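This report concerns only the one structure given below.
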Amino acid sequence: QVQLVESGGGLVQAGGSLRLSCAASERTYSTNAIGWFRQAPGKEREFVAAIRWSGGSTYYADSVKGRFTISRDNAKNTMYLQMNSLKPEDTAAYFCAATVAVRRLDSVPLYNYWGQGTQVTVSS
């Protein structure tokens, strides 16, 4: 059972930056990729970014391209999300998740393991 723990959320002004971390309880060799999702109040959970453990290919939602960067440290079983130029519409609970899927890495139902989430609030 893979356990994921997020950290790094908080309150930031628009235009600011935050770095989220996601620590996995074990080498996720049983999974293919790890990703970030977010959910704002009253809205569905949506894809933010994903990265493959092997090879490091990355994928982003259009809304965060050029502002967010996903990375991973395989030795530490840790994934990061660097968020720059934050906007009020980025306010949400951010979740990391891991999947055994090899395609459709933007699909919420395909993720097998989820963290508890960390809140990001961007003030205008």
Side-chain angles (χ1 to χ4, degrees):
Q1 180 80 12
V2 176
Q3 293 182 329
L4 303 170
V5 179
E6 304 96 335
S7 61
L11 173 64
V12 64
Q13 289 188 330
S17 299
L18 280 175
R19 188 195 195 205
L20 305 183
S21 299
C22 175
S25 59
E26 62 182 61
R27 169 62 173 103
T28 54
Y29 54 79
S30 61
T31 61
N32 174 59
I34 193 163
W36 287 99
F37 293 78
R38 65 187 182 188
Q39 188 167 17
K43 295 187 177 182
E44 293 187 352
R45 191 166 297 188
E46 66 175 8
F47 170 75
V48 176
I51 186 168
R52 296 186 188 275
W53 283 112
S54 178
S57 296
T58 58
Y59 309 86
Y60 294 95
D62 288 343
S63 59
V64 306
K65 279 181 182 176
R67 299 189 299 124
F68 291 10
T69 301
I70 190 171
S71 61
R72 88 269 188 259
D73 185 332
N74 287 11
K76 295 182 179 180
N77 293 340
T78 301
M79 173 183 66
Y80 305 97
L81 185 68
Q82 178 66 43
M83 305 186 294
N84 299 329
S85 302
L86 282 162
K87 305 175 182 179
E89 50 264 44
D90 294 318
T91 295
Y94 282 71
F95 300 86
C96 68
T99 179
V100 301
V102 295
R103 294 181 292 177
R104 295 295 313 279
L105 297 183
D106 60 345
S107 176
V108 171
L110 295 185
Y111 279 74
N112 309 93
Y113 307 101
W114 291 85
Q116 294 300 307
T118 185
Q119 179 66 35
V120 172
T121 303
V122 184
S123 62
S124 58

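Quantities reported herein were computed from a predicted structural model and do not represent experimental measurements.
- In terms of the side-chain contact (heavy atoms from CB on, under 4.5 Å) criterion, residue partners of Arg67 (sequence neighbours excluded) are, by chain and number, Val64, Ser85, Lys87, Asp90.
- Among all heavy-atom pairs drawn from Leu105 and Phe37, the shortest one is O-CZ, 4.2 Å.
- Considering CD1 of Ile34 and OG1 of Thr99, their distance stands at 10.5 Å, rounded to 0.5 Å.
- Remark: Lys65 engages Asp62 in a side-chain hydrogen bond (donor to acceptor under 3.5 Å, both in side chains) (not counting sequence neighbours).
- Side-chain contact between Val48 and Phe68 is present, with at least one heavy-atom pair separated by less than 4.5 Å.
- Here Val100 is tied to no hydrophobic group at all, with no ILVMFWY side chain closer than 4.5 Å.
- For Tyr60, the ring pair (Phe, Tyr, Trp, His ring centres under 6.0 Å) criterion is met by no residue, not counting sequence neighbours.
- For the pair Tyr80 and Ile70, the minimum side-chain heavy-atom distance is 4.5 Å or more.
- The shortest distance between side-chain heavy atoms of Tyr94 and Gln39 does not fall below 4.5 Å.
- In this structure Ser17 satisfies the side-chain hydrogen bond (donor to acceptor under 3.5 Å, both in side chains) test together with Asn84, sequence neighbours excluded.
- Figure legend: cation-pi geometry between Arg38 and Phe95 absent, as NZ or CZ is not positioned both under 6.0 Å from the six-membered ring centre and within 45° of its axis.
- Checked against side-chain hydrogen bond (donor to acceptor under 3.5 Å, both in side chains), Tyr111 has no partners two or more places apart in sequence or in another chain.
- Separation of atoms CE (Met83) and CZ (Arg19) is listed at 11.5 Å; rounding is to 0.5 Å.
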